[in-house]
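Lettering of chains follows the sequences in order, A, B, ..., and the numbering in each one begins at 1. Heavy atoms only: backbone and side chains are in, while hydrogens, waters and symmetry mates are out.
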There are 2 protein chains.
Amino acid sequence: MAGQRDEGGEVVTGTPTAPGADRVAAPRVAVEDTGSAGAAPAEQVAETAEPTARERARAIPEAAVARLAIYLRVLSGLVEQGVNTISSEELASAAGVNSAKLRKDLSYIGSYGTRGVGYDVEVLVGQIERILGLTRKHSVCVVGIGNLGHALANYGGFPGRGFPVAALFDVDPDLIGVPVGGIPVDHVDDIPRVVAEREISIGVIATPPPAAQEVCDRLVAAGVQCILNFAPVVLQVPDDVEVRKVDLAVEMQILSFHVARRADEAAEAAAEGADLSDVDGVVMRR
Amino acid sequence: MAGQRDEGGEVVTGTPTAPGADRVAAPRVAVEDTGSAGAAPAEQVAETAEPTARERARAIPEAAVARLAIYLRVLSGLVEQGVNTISSEELASAAGVNSAKLRKDLSYIGSYGTRGVGYDVEVLVGQIERILGLTRKHSVCVVGIGNLGHALANYGGFPGRGFPVAALFDVDPDLIGVPVGGIPVDHVDDIPRVVAEREISIGVIATPPPAAQEVCDRLVAAGVQCILNFAPVVLQVPDDVEVRKVDLAVEMQILSFHVARRADEAAEAAAEGADLSDVDGVVMRR
DNA sequence: AGTTGTGAACTAGTTCACAGCT
DNA sequence: AGCTGTGAACTAGTTCACAACT
């Protein structure tokens, strides 16, 4: 019975060129279009149209990927409760989506259900983990050990297993060497070495805004291709780097927008329906 | 070059869990849907087609709202730098979107640009603030004063101004009364009283997963209609409550998916294009 | 009978491209 | 000459509705 809203978040896959040459801007070469970027020798390989297993993964809509992660969490809970089988209707309601969407999402990863019965919980867990790439380990580093960085480091091994925090970085000399959540903080200057040594594939930026872009550049230079950015800044990265951001200010402002919209609606309703027993004029409900 | 992707959100503010029921749905009835089917003659009031200021706000796509918040941040930076005017092209690039999208987004809030010139930075700041409801104060409470709760409380007055943290709650007796970021922690049992007294309109949930739903219920019962949820749980709320979530696990897993996809593509490319010289490393193009 | 998997229809969101104003 | 604002075209995502299967 609930209205639920799911936030995507923003995926920023590459942006204009180098950080320095900011306003160069060749005339708008649209997104991924045909053009082989300028001098790049990159030629478009033969564009085969056969849907291999790999193609399949590529074809999963971004929005569905986010939901698969949620289904996985719900399913993991079910495994622990000893549930073996579940229908799309049940799983959907536990995940806060409707069943058609759930089935469509699951169909992107294959056909693992049994008609008339439902889905085998363990099978589904396995398949979603496979698609999400959770069968391999992804070491994470956190840059910026302030309030938030501390909190993140202390989660000790991010969300569940599979995302061990393998390094922490900061610029503050007083912090270097100090263990937080069991891991000693390194200096950001050591990013190249440490990232390589510990095979870090995901970088988390929790620095103050002014430092974020430079930290990002360093991570990218060190080979990190996936970044989770908590700093309220729009990062500029090359095309082959994936950035997701978590932006408190934006979230709060979106909520604020809804508060305002709601108030306006109430005012409007009150204005015309002054006669109606407005009842739910203000807050209330339940 | 500029590959950019922006993911909006899913809008299910009033999902009637009843699968068949709806379907009538005149254009926008929305939000306060059929719920009170019986008594209240939810007459469609005069279906005026005039775009009042209010109507306008309602019509802004969710995805655009999120971006407006980003434009606002960029613009605020420009104000400080003393910039007076900016073109859609420039602002777009600073915000990491393309100019057509930016202009379309701004058009939802009105026409404040000057053809041949651009936008007046201060005017735009004012208008976006107005639309996002930032002209009023939105008091916030944080429930769950663990690592994350601490970090949030210490931001002291959330993102910029406008979102003062007015209360903190926890269940731990050792925490009650202890000031964090200047605010003494109250017991969750006091949610009803404190929320009312301090006119809190936004609740932030930073509790462990098992406690999240109950805390949410309490906040809702206390009249909070907007919730930002950090707990990895799908909250069930009534239709008139807006929930946004920040889910670390999901973010990490989406990144993991992209790492995997990338690796697959690389493998694939290597498989067929073994002859090609391009070899410039991993992946390219999307 | 019961439930999945999926084309087809629909809705939301993005980009194009250009008329219209300064 | 330049830049905004926006209909129209397009793309992505969601929901419907039902055939296919157990």
Side-chain angles (χ1 to χ4, degrees), chain A residues 4-6 8 10-11 27-33 51 56 58-68 85-92 96-120 123-124, chain B residues 2-28 30 51 56 58-68 85-93 96-120 123-124 127 286:
Chain A
Q4 192 85 10
R5 165 172 278 134
D6 219 352
E10 179 182 337
V11 187
R28 225 39 341 239
V29 178
V31 192
E32 47 182 295
D33 72 13
R56 195 199 284 278
R58 186 182 321 190
I60 302 179
E62 190 74 15
V65 172
R67 287 189 300 265
L68 284 172
T85 284
I86 193 166
S87 71
S88 62
E89 197 72 52
E90 294 169 306
L91 181 51
V97 301
N98 70 20
S99 65
K101 194 189 278 181
L102 177 124
R103 289 199 300 278
K104 178 71 91 179
D105 287 346
L106 292 183
S107 80
Y108 293 127
I109 70 175
S111 297
Y112 302 105
T114 307
R115 292 170 198 237
V117 180
Y119 300 89
D120 180 285
V123 168
L124 225 41
Chain B
Q4 193 87 8
R5 173 183 274 128
D6 218 354
E7 215 243 300
E10 175 183 340
V11 185
V12 191
T13 303
T15 300
T17 321
D22 67 0
R23 178 65 281 158
V24 188
R28 43 200 183 48
R56 197 199 284 279
R58 186 183 321 190
I60 302 180
E62 189 73 17
V65 173
R67 288 190 298 267
L68 284 172
T85 284
I86 191 165
S87 71
S88 63
E89 197 72 52
E90 294 169 306
L91 180 52
S93 119
V97 303
N98 70 21
S99 65
K101 195 189 279 180
L102 176 123
R103 287 198 302 277
K104 179 71 90 179
D105 287 344
L106 292 183
S107 80
Y108 293 125
I109 69 175
S111 297
Y112 302 106
T114 307
R115 293 169 198 237
V117 180
Y119 301 89
D120 180 285
V123 169
L124 224 41
Q127 292 303 324
R286 33 135 41 219

- From CA spacing to verdict: side chain to side chain contact (heavy atoms under 4.5 Å, CB included), A/L91, A/V97: CA-CA 9 Å; A/L91 181 51; A/V97 301; over 6 Å; no
- Query: Could you state the interatomic distance from NZ (B/K101) to CG (B/L106), rounded to the nearest 0.5 Å?
  - Reply: 13.0 Å
- Could you check A/D105 against A/V117 and say which one's nearest nucleotide on DNA chain C is further toward the 5' end? A/V117
- What's the CD-C1' distance between B/E89 and C/dT15, to the nearest Å? 13 Å
- A/K104 NZ to C/dA8 P, in whole Å, measures 11 Å
- Kindly point out which of D/dT6, C/dT6, D/dT22 is positioned nearest to the side chain of B/S107? D/dT6
- Query: Between A/S88 and C/dT4, does any side-chain N or O lie under 4.0 Å from OP1 or OP2?
  - Reply: yes
- From C/dG13, C/dC16, D/dG13, nucleotide with atom closest to A/A63 side chain: D/dG13
- Could you tell me whether the side chain of B/R115 has a donor or acceptor atom within less than 3.5 Å of a complementary atom in the base of D/dG2? no
- Length of the CG-P vector between A/N98 and D/dC16, whole Å: 7 Å
- Task: Using the side chain to side chain contact (heavy atoms under 4.5 Å, CB included) rule, take A/I60 and A/I109 through it: C-alpha gap first, then chi angles, then the decisive distance, then the call.
- Result: CA-CA 8 Å; A/I60 302 179; A/I109 70 175; 4.0 Å; yes
- Find the distance B/L102:CG to D/dT6:C1' and express it as a whole number of Å. 14 Å
- Query: Whole-Å distance between C/dT4 P and A/D120 CG?
  - Reply: 13 Å
- Could you go through the side chain to side chain contact (heavy atoms under 4.5 Å, CB included) check for B/S88 and B/Y119 one step at a time? CA-CA 7 Å; B/S88 63; B/Y119 301 89; 4.0 Å; yes
- Query: Is any side-chain nitrogen or oxygen of A/R103 closer than 4.0 Å to OP1 or OP2 of D/dT15?
  - Reply: no
- Item | Separation of atom CG in B/L106 from atom C1' in C/dT15, rounded to whole Å | 16 Å
- Presence of A/Y119 side-chain N/O under 4.0 Å of D/dT22 phosphate oxygens OP1/OP2: no
- Message: Any side-chain to backbone donor/acceptor pair from A/S87 onto A/E90? Under 3.5 Å, distance only.
- Response: yes
- Message: Rounded to whole Å, please give me the gap between OH in B/Y108 and C1' in C/dG13.
- Response: 7 Å
- Between D/dG13 atom C1' and A/L68 atom CG, what is the distance in whole Å? 14 Å
